[in-house]
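Since we're looking at a predicted model, the values are computed, not measured.
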Amino acid sequence: MMINKNSPLPIYYQIEEHIKDLIDRKQLKPGDCLPSEREFAEQYQVSRMTIRQAITNLVNSGYVYRIKGKGTFVADQNVIELKLHGITSFTENIQALGMTPSSKIIEFRSSLADKSVATKLKINENESVYEIQRIRLANQIPMALETSFLSMNIVKNLSKETAAHSLYEYIQKALGLSLKYSTQTIEASAANKIESELLGIKKGSPILLMERITFLSDDQPIEFTKSIYRGDRYKFVVKIDQDS
């Protein structure tokens with residue numbers, strides 16, 4: 001590609017659009033590692049700062065993602081469909097799509113339930129709860145930011161290492177508890193500064209806010225979770241049956 005330095009279009013934008021075109025035409029495929037900033041700078045005969053701006057814009061728009069110490073990779077452009085029936089974990093959903101799920105723990109601590117959390121979990125106010133904030137990733141791409149609350153009187157001996165994986169698996173297999181159903185609410189919003197930084201998107205990008213309460217077989221709430229999903233990566237599918 002030849003850069004037109006006389007064009008009114010910024011050079012970084014021309015490079016950004018060229019890389020997008022390579023991805024859209026499948027010349028660069030999901031999982032491919034991009035050349036380094038130095039290699040790109042030599043290829044286009046521009047400064048590394050110009051390349052960095054182009055790559056940062058591609059990261060923010062979801063075309064590529066960075067892995068610290070490894071490089072920048074082409075992202076899968078497919079939108080993930082999540083079916084809102086049945087109780088499935090993020091881990092199960094992502095694995096079902098043939099992708100590799102993982103989590104990054106932002107916070108893991110015990111806290112005292114405020115009135116809102118206590119009401120949702122049907123416990124006493126100021127009762128001890130686990131408070132867990134995780135970035136959920138698929139193929140190393142940030143997909144969602146989750147904050148979960150679980151009663152420490154019901155969920156015993158939960159560790160930070162366990163929380164990095166599936167909480168539902170721990171609840172059912174390690175604790176022997178049966179999950180019965182969940183209630184969910186979803187609304188649209190825009191990412192604030194912190195949310196955009198954690199999810200690797202631009203401030204103001206569309207996001208989906210979901211609150212979920214999951215219940216045990218005796219109708220006792222076991223988990224209250226607030227999730228922030230990237231609007232460019234998710235759509236939710238609901239199955240609606242005709243009343244008999």
Task: Any L150 side-chain heavy atom under 4.5 Å of I171 side chain - done: yes
TODO: Determine whether the side chains of Y168 and T214 contain a donor N or O and an acceptor N or O closer than 3.5 Å.
DONE: yes
TODO: With side chain to side chain contact (heavy atoms under 4.5 Å, CB included) as the test, would you mind laying out the steps for Q184 and S182 before giving the verdict?
DONE: CA-CA 7 Å; Q184 298 178 119; S182 66; 4.2 Å; yes
TODO: Would you please say whether a donor-acceptor pair under 3.5 Å links the side chains of Y63 and E16?
DONE: no
Task: Ion pair D21/R25, N-O distance below 4.0 Å - done: yes
TODO: Give a yes or no answer on whether the side chain of K26 reaches the backbone of I23 with a donor-acceptor pair at less than 3.5 Å.
DONE: no
- [ ] Side-chain contact test, heavy atoms from C-beta onward, threshold under 4.5 Å: evaluate it for L179 versus L216 and give yes or no.
- [x] yes
TODO: Please check if the side chain of Y130 supplies one atom and the backbone of L158 the other of a donor-acceptor pair under 3.5 Å.
DONE: yes
Task: Minimal non-hydrogen separation, Q140 against L137, with atom names - done: O-CD2, 3.4 Å
TODO: Check for a donor-acceptor pair, side chain of Q172 on one end and backbone N or O of E169 on the other, with a separation under 3.5 Å.
DONE: no
TODO: Mind checking the NZ-CG spacing from K180 to L177? Nearest 0.5 Å is all I need.
DONE: 14.5 Å
Task: Presence of salt bridge, E125 and K115, under 4.0 angstrom - done: no
- [ ] Begin from the C-alpha positions of L58 and T72 and carry the test side chain to side chain contact (heavy atoms under 4.5 Å, CB included) through to its verdict.
- [x] CA-CA 10 Å; L58 289 168; T72 304; over 6 Å; no
TODO: Would you give the length of the straight line joining atom CD of E17 to atom CG of N57, rounded to the nearest 0.5 angstrom?
DONE: 9.5 Å
Task: Over all atoms of both residues, closest heavy-atom pair of R66 and R52 - done: NH2-O, 4.1 Å
TODO: Would you tell me whether T225 and S148 have side-chain atoms, one donor and one acceptor, within less than 3.5 Å of each other?
DONE: yes
Open item on the list: With a 4.5 Å cut-off on side-chain heavy-atom distances among I, L, V, M, F, W and Y, is there a chain of contacts connecting I51 to V64?
Closed with: yes
Open item on the list: Once salt bridge (Lys or Arg N to Asp or Glu O under 4.0 Å) is applied, do any residues pair with E131, and if so which ones, sequence neighbours excluded?
Closed with: R109
- [ ] Check whether any side-chain heavy atom of K226 sits under 4.5 Å from a side-chain heavy atom of L209, and report yes or no.
- [x] no
Open item on the list: Starting from M143, can I reach I135 by hopping between I/L/V/M/F/W/Y residues whose side chains sit under 4.5 Å apart?
Closed with: no
TODO: Determine whether M152 and E127 make a side-chain contact, defined as any pair of heavy atoms from C-beta on separated by less than 4.5 Å.
DONE: no
Task: Close side-chain approach of I154 to L121, heavy-atom, < 4.5 Å - done: no
Task: Shared hydrophobic cluster, I94 / I67 (ILVMFWY, side-chain heavy atoms < 4.5 Å) - done: yes
- [ ] Taking all non-hydrogen atoms of both residues into account, name the closest pair between F73 and G31 and its distance.
- [x] CD2-O, 3.4 Å
Task: Any donor-acceptor N/O pair, R134 side chain to F108 backbone, under 3.5 Å - done: no
- [ ] List in chain and number order the residues that pass side-chain contact (heavy atoms from CB on, under 4.5 Å) with D114, two or more places apart in sequence or in another chain; answer none if no residue qualifies.
- [x] S116, V117
- [ ] Would you sort out whether K193 and E197 count as a side chain to side chain contact (heavy atoms under 4.5 Å, CB included), showing the intermediate values?
- [x] CA-CA 6 Å; K193 185 175 185 297; E197 290 175 352; 2.6 Å; yes
- [ ] Quick one: do V129 and S111 satisfy side chain to side chain contact (heavy atoms under 4.5 Å, CB included)? Show the steps, please.
- [x] CA-CA 5 Å; V129 294; S111 61; 3.5 Å; yes
TODO: Kindly give the heavy-atom pair with the smallest separation between Y229 and A144, and that separation in Å.
DONE: CD2-CB, 3.7 Å
Open item on the list: As an exercise, state the distance from NZ of K104 to CG of L198, rounded to the nearest 0.5 Å.
Closed with: 7.5 Å
Open item on the list: Atom OH of residue position Y13 - does it have more than 12 heavy atoms of other residues, nucleotides or ligands inside 6.0 Å?
Closed with: no
- [ ] May I ask you to check whether E92 and S166 show a side-chain donor-acceptor distance below 3.5 Å?
- [x] no
- [ ] Check whether any side-chain heavy atom of L167 sits under 4.5 Å from a side-chain heavy atom of V155, and report yes or no.
- [x] no
TODO: Mark yes or no for whether N192, through its side chain, and E195, through its backbone, hold a donor-acceptor pair below 3.5 Å.
DONE: yes
Task: Nearest heavy-atom neighbours spanning I141 and A75 - done: CD1-CB, 3.7 Å
TODO: May I ask you to establish whether K120 and F224 are in a cation-pi arrangement, using a distance under 6.0 Å from NZ or CZ to the six-membered ring centre and at most 45° from the ring axis?
DONE: yes
- [ ] Specify the closest pair of heavy atoms between Y65 and V74, including all atoms of both residues, with the distance to one decimal.
- [x] CE2-O, 3.5 Å
Task: Spatial distance of atom OG (S103) from atom CZ (F90) [nearest 0.5 Å] - done: 6.5 Å
Open item on the list: Using only atom types and a distance under 3.5 Å, with no angle test, would you say the side chain of R230 pairs donor to acceptor with the backbone of P142?
Closed with: yes
TODO: Could you grab the distance from atom CD1 of I19 to atom CG of D24, nearest 0.5 Å is fine?
DONE: 12.0 Å
Open item on the list: Any side-chain to backbone donor/acceptor pair from Q14 onto N4? Under 3.5 Å, distance only.
Closed with: yes
- [ ] Report yes or no: do Y170 and I105 belong to one cluster of Ile/Leu/Val/Met/Phe/Trp/Tyr joined by side chain heavy-atom distances under 4.5 Å?
- [x] yes
Task: Spatial distance of atom OG (S128) from atom CG (L112) [nearest 0.5 Å] - done: 5.5 Å
TODO: Check the hydrophobic clustering (I, L, V, M, F, W, Y; side-chain heavy atoms under 4.5 Å; chains of links allowed) and say if L22 and F40 are grouped together.
DONE: yes
